[in-house]
Every structure is written in C-alpha cells, then in structure tokens.
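Data block below; observations after.
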Amino acid sequence: MNYEKEISIIGSGPRGISILDRIVENSKEFNINVNINIFDKVNIGGGKVWDENQNKDLLMNTLPSELTIFSSKDNGQSHNLDRLSFCEWISKYRKDLDCNTYQPRYVYGQYLSYAFDKIVEGAGSFLRINKHEVEVIDIELQNEGFIISLENERIYSDFVALATGHEYNKDNEVEEEVNSFAKKNSLNYYPEGYVADYDFEKIPEKSSVGILGLGLNFYDTISLLTIGRGGRFIRRNDNTLEYKPSGNEPKIFAGSRTGMPSRARAVNQKSVGRSVKSYFLSRLSSLSNMSFTKQIYPAIEAEVNFNFLIQKAGLKQEAIEFLAERVYNSLGSFSFESLAHVIGVENFKKIELEKIYNPFKDVRDNYTFQKLILTELQDDVYEANLGNVDSKLKNSIDLLRDLRGVIRSCVEFDKISSSDFPIFQRKFKPIHSSLVAGPPVNRVEELISLIKAGVVNFIGPNTEFGLDADKGDFVLSSSLLDGGSYNVKSLIVARTPGIDLKKYKSTLFSSLLKKGLITECVKVFNGGTYHTGGINISKESLNPISKDNSIVNNMYITGIPIESSKFFTQTAGTNPAKWNDIIHDSELIAKQIMISIDALRNVKIESLK
C-alpha cells in the first residue's frame, strides 16, 4: 500500500499512546492512509515511568476508577466497549485487584500495553504502525519534513510529535563535587532521579542513610528500604499499624525545605465524572495579564474556604450563590470568620494552605518539631480516612485537584503577569503538589509506624547537607533547629529532576536547542527575566517557537517538556467520563495533522483537473 504521509511519535508513555489513539481515530474520519513510527528507548506501550518490570512496591497515587487512556464520551465521542478504561480492564483481566485501591505502577504499565495493542488492532489495514525501541538522537529539517536520526538509521517523517516525559539533567559543579567525594570515600550517592532506576542493593543493612526531599519519591524510597527488604506492617487491634523489621533495614534520616512530608490522598468517596463548581476562579479565566498574588491566589484560597464554610453551614443553593457574590466582590480581604459568625457557624477556623504546607515555619527547637511532625501526620491520616467527602477539610483542599482545569485556564500562556510567574512556580506549585498529589493514606500510616519503630527519623525544616572531609561522610542538619547534625554513609536525593531545557542530558533536546528549532520559555518583566526551563510553544497549535520567533510547522510538543506554557502536565491519563488536557492536546495534534494531509490531497486533486 502507498501511504500518503509519514508520522513520527517520540515517547510512548500515556501522552504518546494518546496521540497515537487520536491519530488513528481521526484518520478514519478523514479516510487517510498514513505510516506511523513510534519511538521509545525504554518500553513501547508504557515508557519509563510505567515500565512493567519495575518493583511491585511502587504504587500509583491515582485510583483505577479515575483513569483511562482512551477518549471517552465527552466531546461527542462514543465509548467503544473493546477500549476498556483502567478499571474495566482490571475487572476483566486482573480480578485479583480492586478498582478502589491504589495499584502498583507496573499494573498500569500492563494496561498501557493492552491499550497500545488495542489501538494498533483498531488501526486496520489503512494504517501501518511501526515500533522502534531505540533512542532518537536528533531531528533535522528537510524541506517541509524531518529526518529522524537513530544510532544506526535515519527515517524521514512529514510530521513529528514529541511526548518524551521527564528528562535527566546534567550534573552541575556541586553534584560533580559530591560524586567525586562519594567515590573517594566509598559512599553511596543517588542524585535526583526516578526511584525505579535506583540500585539500593549497595546500601548495607543497619547503615545510616540520608534522604533529601519528602514528596512521592521519598515514600517510594522508604518502601523499598523497608518492605522491599523483608519488613512487614501489622494491623493491630486498635487499627494502627506496627512495623515488624527484618533486620535488613538501614537507619533513615530525612528532611526537606519545609520538613513536612506530602499529605495523604483521602479515601475516595466521589463518583467518576463528578462536576465541581468554581465560584471565583471561573470568573477570572477570561482575563489576561493578571496578578497571581492579588487576584488568582486569593481566588484559590476563597474557593477552598468558601467550600469549607458552606459544608459546615448546610446552606441552600440560593443562599450559597448570594454569599458567593459577596465573597467575590472582596477577594483578598474577605473575612470568612466574620461570615461564619453571621450565618451561625461558631469557632470557624480558616484553612491556610501555606500553613498546612509548611507547618514548622516558626519552630526552632528539635524536641517540639519531633512531637509536632508526628501529630501532623496522625491528624492527616485521621482526616484522609474519613474520606474526600466526609472530611470537610480534605474535601475542601481537594478542590485544588478538582479545579486544576480552571486554574490552568487562569495561568497558562501568559495569563498571569511575567513578574508574578516565579511566585506561581515557586510558591503555589509546591503547595499544590504536596497537598493534593501525595501518596495513598496507607503510605502515611506506614510512615508513622516507621517513625515509632525508630527506622525513619526527621531532621527538620531547611534541611541542608555537606561533606565531612574528616570522617569521610555526608552530613545533614536543619539550619532552623537545634537538633545537631547527622552523619550518613548513603545520600539519596529523592526528587524528580527539575524541568530545565538547557540542563537536559538528552542528545535530542540539546541538538534541537542548538539548531534553534526549540527555545526556552523566558518571562521578561521590569525587574529582569525569569528562565522557566520549559520549551516555548504556540498556544494555538503546540508547535515549538524557533530562535527566530517563528513557528516550526508540523512539529508538536506536549507534556512535561512544555511545563511553563502549560501546567500540571504530569498526568497518567484522562477521566473515563470526560477529557482532560492529555486528550485535548492529543486531539489538537492529530486534527492538525489530518487537516494538513487532507489539504495537500485536495491541492493534488485540483492540480490534476
């Protein structure tokens, strides 16, 4: 068969698979024959994060009932019963599992492999899909198309879509010094990366280990160093967990900037496809050049606290709408405590997102900190076990997750002023990640039992590390507490590599940047410039912007590399009942490709007349 055009998709994680799916579905509508090459150096049909061979103790933080990789009933698309959601796939092929519990990541990798095979199967004879488990090292322009360079091969493509996900960064001078020190003193150093790639077998039992970072990577790391080494958690009669050590564990010392681990995801009580109303942010989404500090963040806090208050008050919708208008007219200065008193809700305490994120800001003595962190974790587990509906606190904070689409519409593509952009990046995104993108509640329960067993110890806020040349150790301490320092033989930086185009190790991105086919998204304002680290793209088309400020036609970029123009791109799939940004972006890319091919086809037909 003669194929009309060549399409290349680089990356086969959720976004790469989604792009393939939408190209296949749109090609049927346009009746177009194409040849598709899909590339991934790790694993076609899952990519690096969802590798089917990874450790079974590494869990997802999204429920199966909330995920599918296929397009859903939204936007007029009919749901094909052969294209199963993650939960439907579990019910049919993994009956040993439960849709309402958090599953190991490798299981989602199995689902993505199933989805990839279903997409290929549905492509029929008019599409050819070729898998290449190799690294793409370069892309060059050739006329109106591209040359895809592999290690031993060059492939022509008319269209290219990049969905590469996370990238590793080059070592800076500090990291090179730490690496050198570790080798000289026979220490174990694990720089920022992906826990599934770490080899913890080198860490001796009962040795001292330092962990920097208290997010999802932290929870994954302590799981591998405890239950991954034969330890067990036992549920006691009082419903608390007790850790039974194997004797193979190291002694762990952990810390971060705030000193507070990510908060637990609450037990799910919400239905799939639920609709959540925005009372304030939705009114701002049509505006531009907004102040994040004076407009958007006050609206976010108002959404959370208004929801918290009306749950406690039990008001009728008419009263809620009336009060919402009053709140909106005084965003940033409105007193929820005063309103609570007026409507009969006594002892109302406003939710302070920053304080929940950073509860130890004013703590200075180690004894108080150690007591407080255990209390914070226990209170968080209590609220999380109530559920994301019954816990008014968790339900309200969960709006940060439920309203992500509305928040995106307020901040993406220069909707906020350039001078406020660093505040959004450095202040709000860490709060959002810590409060609503944390681990399942059982992981926090396990952490509490590990603290009580003396396996995990916390250093405190503003954790810093150094090199003890005299003892040949890493040394960690809190610059805010009086708890002293901790010498360790292994140091794990439990953080995902930051998004920084100019620091990527990737040969592909380095080459594209050098050629000027891609550029960094840079925010310019009166006080200077802010380098976001993300790739600059066109809002209308997802095409990269070249160094001469022109659009690179027929090349598209989506997902984590463009985190700066778009936001909250670390998503595993879409909701089974409605499209999210993964499907919307994939549809945009696929539709543009099909329209371009169809237009060229019509030009050829006209020329033959």
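Just so it is clear, the values below take in all heavy atoms, side chains as well, and ignore hydrogens, waters and symmetry mates.
Counting only heavy atoms from C-beta outward, the side chains of L447 and V456 approach each other to under 4.5 Å. Under the 4.5 Å side-chain criterion, counting only non-hydrogen atoms from C-beta, Y328 is in contact with L284. By the 4.5 Å heavy-atom criterion applied to side chains, Q592 and E540 are not counted as neighbours. Counting only heavy atoms from C-beta outward, the side chains of N395 and K270 approach each other to under 4.5 Å. Proximity of I296 to K415: side-chain heavy atoms (C-beta onward) are nowhere separated by under 4.5 Å. With a 4.5 Å cut-off on side-chain heavy atoms, Y111 and Q103 do not count as touching. At a threshold of 4.5 Å between non-hydrogen side-chain atoms, the residues E587 and N26 count as touching. Proximity of L63 to Y102: side-chain heavy atoms (C-beta onward) are separated by under 4.5 Å at one or more points.
Take E376 and apply the salt bridge (charged side-chain N to carboxylate O under 4.0 Å, His left out) test, not counting sequence neighbours, and it matches R263. Not counting sequence neighbours, the partners of E446 by the salt bridge (charged side-chain N to carboxylate O under 4.0 Å, His left out) test are R443. K277 is linked by a side chain to side chain donor-acceptor pair (under 3.5 Å) to E321, counting only residues two or more places apart in sequence or in another chain. Here P497 pairs with Y168, N169, E192, Y194 under the side chain to side chain contact (heavy atoms under 4.5 Å, CB included) rule; sequence neighbours left out. Every residue was checked against the side chain to side chain donor-acceptor pair (under 3.5 Å) condition with S91, not counting sequence neighbours, and none meets it. Residues satisfying the ring-ring contact (aromatic ring centres under 6.0 Å, His included) test with F458, not counting sequence neighbours, are none. Scanning for side chain to side chain contact (heavy atoms under 4.5 Å, CB included) contacts around S419 gives S417, F525, with sequence neighbours left out. The side chain to side chain donor-acceptor pair (under 3.5 Å) test applied to E354 returns K427, not counting sequence neighbours. With sequence neighbours excluded, the residues satisfying ring-ring contact (aromatic ring centres under 6.0 Å, His included) with Y297 are F292. Partners of D96 by side chain to side chain donor-acceptor pair (under 3.5 Å), not counting sequence neighbours, listed by chain and number: R94.
By the neighbour-count criterion of 12 heavy atoms within 6.0 Å, atom CD of Q317 is densely surrounded, having more than that number from other residues, nucleotides or ligands. No more than 12 heavy atoms of other residues, nucleotides or ligands lie within 6.0 Å of CZ in R326, so this atom counts as exposed by the packing criterion. A 6.0 Å sphere centred on CG of D238 holds more than 12 heavy atoms belonging to other residues, nucleotides or ligands. In this structure, H531 places its NE2 atom where more than 12 heavy-atom neighbours from other residues, nucleotides or ligands lie under 6.0 Å away. Within a 6.0 Å radius of CG in N347, no more than 12 heavy atoms belonging to other residues, nucleotides or ligands are found. Other residues, nucleotides and ligands contribute over 12 non-hydrogen atoms within 6.0 Å of the NZ atom of K429. Residue-environment remark: CZ (R257) stays at or below the threshold of 12 foreign heavy atoms within 6.0 Å.
Checking side-chain atoms of N61 against main-chain N and O of P439 turns up no donor-acceptor pair under 3.5 Å. E383 places no side-chain N or O within donor-acceptor distance of the main-chain N or O of S391, the cut-off being under 3.5 Å. Under a 3.5 Å cut-off, the side chain of D482 and the backbone N or O of N366 do form a donor-acceptor pair. For the pair N580 (side chain) and G573 (backbone), a donor-acceptor distance under 3.5 Å is present. Between the side chain of N536 and the backbone N or O of E520 there is no donor-acceptor pair closer than 3.5 Å. At distances below 3.5 Å, not a single donor-acceptor pair connects side-chain atoms of T164 with backbone N or O atoms of G11. Distance alone, capped at 3.5 Å, places no donor-acceptor pair between the S586 side chain and the I583 backbone. For the pair Q295 (side chain) and T293 (backbone), a donor-acceptor distance under 3.5 Å is absent. The closest donor-acceptor contact from the side chain of T375 to the backbone of K371 lies under 3.5 Å. Looking at Q269, its side chain does come within 3.5 Å of a backbone N or O of L386 through a donor-acceptor pair.
Between F348 and the choices F308, F306, F336, the ring-ring contact (aromatic ring centres under 6.0 Å, His included) rule is met once, by F308. Between H432 and the options F424, F568, Y357, a ring-ring contact (aromatic ring centres under 6.0 Å, His included) holds for only F568.
Cation-pi check for K452 over Y243 is not met; the charged atom does not lie both under 6.0 angstrom from the ring centroid and within 45 degrees of its normal.
Judged as a salt bridge (Lys or Arg N to Asp or Glu O under 4.0 Å), the pairs with a partner in residues 384-395 (not counting sequence neighbours) are, in order, D380-K394. Applying the salt bridge (Lys or Arg N to Asp or Glu O under 4.0 Å) test to residues at least two apart or on different chains, none of the pairs has a partner in residues 328-339.
Salt-bridge annotation for D414 and K539: absent, with no side-chain N of the basic residue lying under 4.0 Å from a carboxylate O of the acidic one. With salt bridges taken as basic N to acidic carboxylate O contacts below 4.0 Å, none links D581 and K566.
Note on ring orientation: taking the six-membered ring where Trp is involved, the planes of W89 and Y114 are tilted (angle from 30° to 60°).
T569 approaches R15 most closely through the heavy-atom pair O-NH2, 3.2 Å. Minimum heavy-atom separation, A163 to G16: CB-N, 3.8 Å. Pairing each heavy atom of S478 with each of L481, the nearest pair is OG-N, 3.2 Å. Nearest heavy atoms, R235 versus N239: NH1-O, 2.5 Å.
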_Working note: S65 + N100, criterion side-chain contact (heavy atoms from CB on, under 4.5 Å); need CA distance, chi angles, decisive distance, verdict._
CA-CA 7 Å; S65 57; N100 293 313; 4.2 Å; yes

*Under the side-chain hydrogen bond (donor to acceptor under 3.5 Å, both in side chains) rule, what do E25 and S71 come out as? Steps first, then yes or no, please.*
CA-CA 10 Å; E25 293 301 300; S71 53; 5.8 Å; no

*Should F413 and I537 be marked as a side-chain contact (heavy atoms from CB on, under 4.5 Å) after you check the CA-CA gap, both sets of side-chain angles, and the distance that decides it?*
CA-CA 9 Å; F413 293 106; I537 59 163; 3.8 Å; yes

*I would like to know whether T463 and L212 meet side-chain contact (heavy atoms from CB on, under 4.5 Å); could you show each step before the answer?*
CA-CA 8 Å; T463 295; L212 296 175; 3.7 Å; yes

*Check step by step if salt bridge (Lys or Arg N to Asp or Glu O under 4.0 Å) holds for K523 and D420.*
CA-CA 10 Å; K523 304 294 182 180; D420 264 16; over 6 Å; no

*How far apart are the C-alpha atoms of S418 and V524, what are their side-chain angles, what is the distance that settles it, and do they pass the side-chain contact (heavy atoms from CB on, under 4.5 Å) test?*
CA-CA 6 Å; S418 293; V524 181; 5.7 Å; no

